[in-house]
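None of these values were measured; they are calculated from a predicted model.
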Amino acid sequence: EGNYRLTTWHHAPRSNSDSMDPNKDKLKTLTVHELPYAKEIVVSSLAMEREGGLKVRVTEGKEMQWEEPCTSVIEFRADGNSPVTINFSGKGGGGAWINAFELSKWY
C-alpha cells in the first residue's frame with residue numbers, strides 16, 4: 001500500500017545493438033534496428049493520479065551521449081489489495097520500446 005513513482009526509458013536503436021543475442025539464426029534474418037516501432041507511446045493505468053494517460057515520444061539514434069533518451073514518469077497509488085496494471089500502448093502500430101524502468105516508493 002502506498003504511493004509510487006514509475007520512471008521508464010524509451011529509445012529505439014538505429015543499428016543492430018543486439019549482437020549478443022544467443023539465437024544466431026534469428027540474428028541472420030532480423031536485426032533489432034529494422035523492427036517497426038511506435039514513435040509515440042501512451043502510458044496509462046487506472047491507479048494513475050493523472051487521467052487520460054501520458055503520451056511519450058520515443059527517441060532514436062546510434063549515440064546518446066549528447067542527448068537524453070525519452071523518459072516517462074508516472075505516479076500512482078496502490079491500495080495493498082488489488083493488483084496495479086500499467087499499460088504501454090504504441091500509437092500508430094509497431095512495438096513499444098521500453099529500455100529500462102525504475103520503481104520507487106513516493107511520499
Side-chain angles (χ1 to χ4, degrees):
E1 179 178 359
N3 296 319
Y4 294 88
R5 174 177 272 184
L6 176 67
T7 304
T8 57
W9 284 260
H10 308 276
H11 179 77
R14 295 310 320 148
S15 63
N16 186 4
S17 64
D18 202 14
S19 61
M20 294 181 67
D21 191 326
N23 185 347
K24 298 297 182 189
D25 291 332
K26 183 177 85 175
L27 275 177
K28 293 175 186 174
T29 61
L30 184 64
T31 54
V32 171
H33 70 281
E34 294 174 343
L35 292 172
Y37 68 93
K39 306 285 189 206
E40 186 176 84
I41 298 171
V42 176
V43 184
S44 62
S45 174
L46 294 176
M48 283 176 63
E49 294 177 5
R50 176 184 180 155
E51 289 187 30
L54 174 67
K55 292 181 183 173
V56 180
R57 179 183 59 88
V58 177
T59 56
E60 68 175 21
K62 295 180 183 178
E63 300 177 15
M64 294 301 293
Q65 64 265 41
W66 294 285
E67 296 179 36
E68 292 290 322
C70 192
T71 59
S72 68
V73 178
I74 62 168
E75 295 173 3
F76 62 94
R77 172 128 182 95
D79 64 14
N81 295 315
S82 305
V84 173
T85 301
I86 311 289
N87 298 304
F88 295 87
S89 303
K91 290 186 70 177
W97 274 101
I98 303 174
N99 304 88
F101 67 91
E102 177 182 55
L103 179 64
S104 57
K105 184 93 170 176
W106 198 248
Y107 301 96

Are [Y] and [X] connected into the same hydrophobic cluster when the rule is that any two of I, L, V, M, F, W, Y join if their side-chain heavy atoms are below 4.5 Å apart?
| X | Y | value |
| --- | --- | --- |
| V56 | F101 | yes |
| V58 | L54 | yes |
| I74 | L46 | no |
| F88 | V42 | no |

* To do: Taking the side chain as every heavy atom from C-beta outward, state whether V43 and I86 have any pair of such atoms under 4.5 Å apart.
  =>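 In short, these two side chains touch, coming nearer than 4.5 Å.
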* To do: Find out whether N3 and E75 are in side-chain contact, i.e. whether some heavy atom of one side chain is under 4.5 Å from a heavy atom of the other.
  =>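 No. Closest side-chain heavy atoms not under 4.5 Å.
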[atom2] on [Y] to [atom1] on [X], rounded to 0.5 Å:
| X | Y | atom1 | atom2 | result |
| --- | --- | --- | --- | --- |
| T8 | W97 | OG1 | CH2 | 14.0 Å |
| F76 | S44 | CZ | OG | 12.5 Å |
| N99 | C70 | CG | SG | 10.5 Å |
| E102 | L6 | CD | CG | 9.0 Å |
| R77 | S82 | CZ | OG | 11.5 Å |
| Y4 | K105 | OH | NZ | 4.0 Å |

* Asked: When you check the gap from the basic side-chain N to the acidic O, do E60 and K39 get nearer than 4.0 Å?
  ->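 Here E60 pairs with K39 in a salt bridge, since their nearest N and O are under 4.0 Å apart.
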* Can you see which heavy atom on A38 is nearest to which on G90, and at what distance? =>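 Minimum heavy-atom contact is CB-CA, 3.4 Å.
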* **T7 side chain vs V73 backbone, donor-acceptor pair below 3.5 Å** =>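 Side chain of T7 to backbone of V73, a donor-acceptor pair under 3.5 Å: no, none is there.
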* Asked: Any donor-acceptor pair under 3.5 Å linking the side chain of T59 with the backbone of H10?
  ->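 Yes: the side chain of T59 pairs with the backbone of H10.
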